[in-house]
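To start, the structure itself, in structure tokens.
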Amino acid sequence: GQQLNQNPQSMFIQEGEDVSMNCTSSSIFNTWLWYKQDPGEGPVLLIALYKAGELTSNGRLTAQFGITRKDSFLNISASIPSDVGIYFCAGQLRYGGSQGNLIFGKGTKLSVKP
Amino acid sequence: DSGVTQTPKHLITATGQRVTLRCSPRSGDLSVYWYQQSLDQGLQFLIQYYNGEERAKGNILERFSAQQFPDLHSELNLSSLELGDSALYFCASSVALQGASEQFFGPGTRLTVL
């Protein structure tokens, strides 16, 4: 089945640092979504992207829908301790029908630098 | 709070048993999706219902089945349970079938098969 490559798998952050992560695919997606999951909780939607080249912000978070429609990027500026968690990208191949479900990356785990 | 509710939060059972997981979508959402999250496979799409009808199937085992009722709540039935079925099971809902639509996740049910 389709695969999303999400990088990095994990990273350590120090408060105030900017963070970047990305997802790439061999398939073209119509929608990219970014979620954050805290331990024991369900994924929480952060940003949704619907057009190639689209750049969307949500507070300190900025995500971009790659121009080739095969990748997406998420940036977190001036990180704070509560940014810790696992971030997932998800792509939707088509709207509705049999391919309307989301395909998820493996996640990027953000931890605080010791 | 996403507005999606799932019960129970935790479930511990033995191999060979059958369990039912329940999901209530956000008010107004007609689509319900079920996902399985395990450590080695990540978040995997299982099945989607829209307004009571099955619309898409992913990597769902034949031992698993689901349905969506007239009040739009959904149940995921897992039977002949195996150790490997231990995972987090998430339900998500979205408003539409056609067109780009964001999916909102419930808090999940943690299933442990002993």
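In what follows, chains carry the letters A, B, and so on, assigned in the order in which the sequence lines appear, proteins first and then strands, with residues in each chain numbered from 1. As the structure is a computational prediction, the values presented were derived from the model and not from experiment.
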Problem set entry | Connected via hydrophobic side-chain network under 4.5 Å: Leu46(A) and Trp32(A) | yes
Problem set entry | Main-chain N/O of Leu102(A) paired with Tyr33(B) side-chain donor or acceptor, under 3.5 Å | no
Exercise. Would a hydrophobic clustering, with Ile, Leu, Val, Met, Phe, Trp and Tyr connected at side-chain separations under 4.5 Å, put Phe29(A) with Trp34(A)?
Worked result: yes
Exercise. How about Ile103(A) and Phe45(B): do any of their side-chain heavy atoms sit closer than 4.5 Å?
Worked result: no
Seminar exercise, completed: Glu102(B) and Leu33(A) have their tightest heavy-atom pair at CG-CD2, 4.2 Å
Problem set entry | Heavy-atom closest pair, residues Gln37(A) and Phe90(B) | NE2-CZ, 3.3 Å
Exercise. Would you say Gln9(A) has more than 12 foreign heavy atoms packed within less than 6.0 Å of its CD?
Worked result: no
Exercise. Under a single-linkage definition using a 4.5 Å side-chain heavy-atom cutoff for Ile, Leu, Val, Met, Phe, Trp and Tyr, are Leu55(A) and Tyr87(A) assigned to the same hydrophobic cluster?
Worked result: no
Seminar exercise, completed: Comparing Gly108(B), Gly42(B), Pro107(B) against chain A, the one with the most heavy-atom pairs below 4.5 Å turns out to be Pro107(B)
For this session: Look at Gln44(B), Arg110(B), Gln37(B) and state which one has the largest set of heavy-atom pairs under 4.5 Å with chain A.
Result: Gln37(B)
For this session: Flag yes if more than 12 heavy atoms outside Leu39(B) fall under 6.0 Å of its CG atom; otherwise flag no.
Result: no
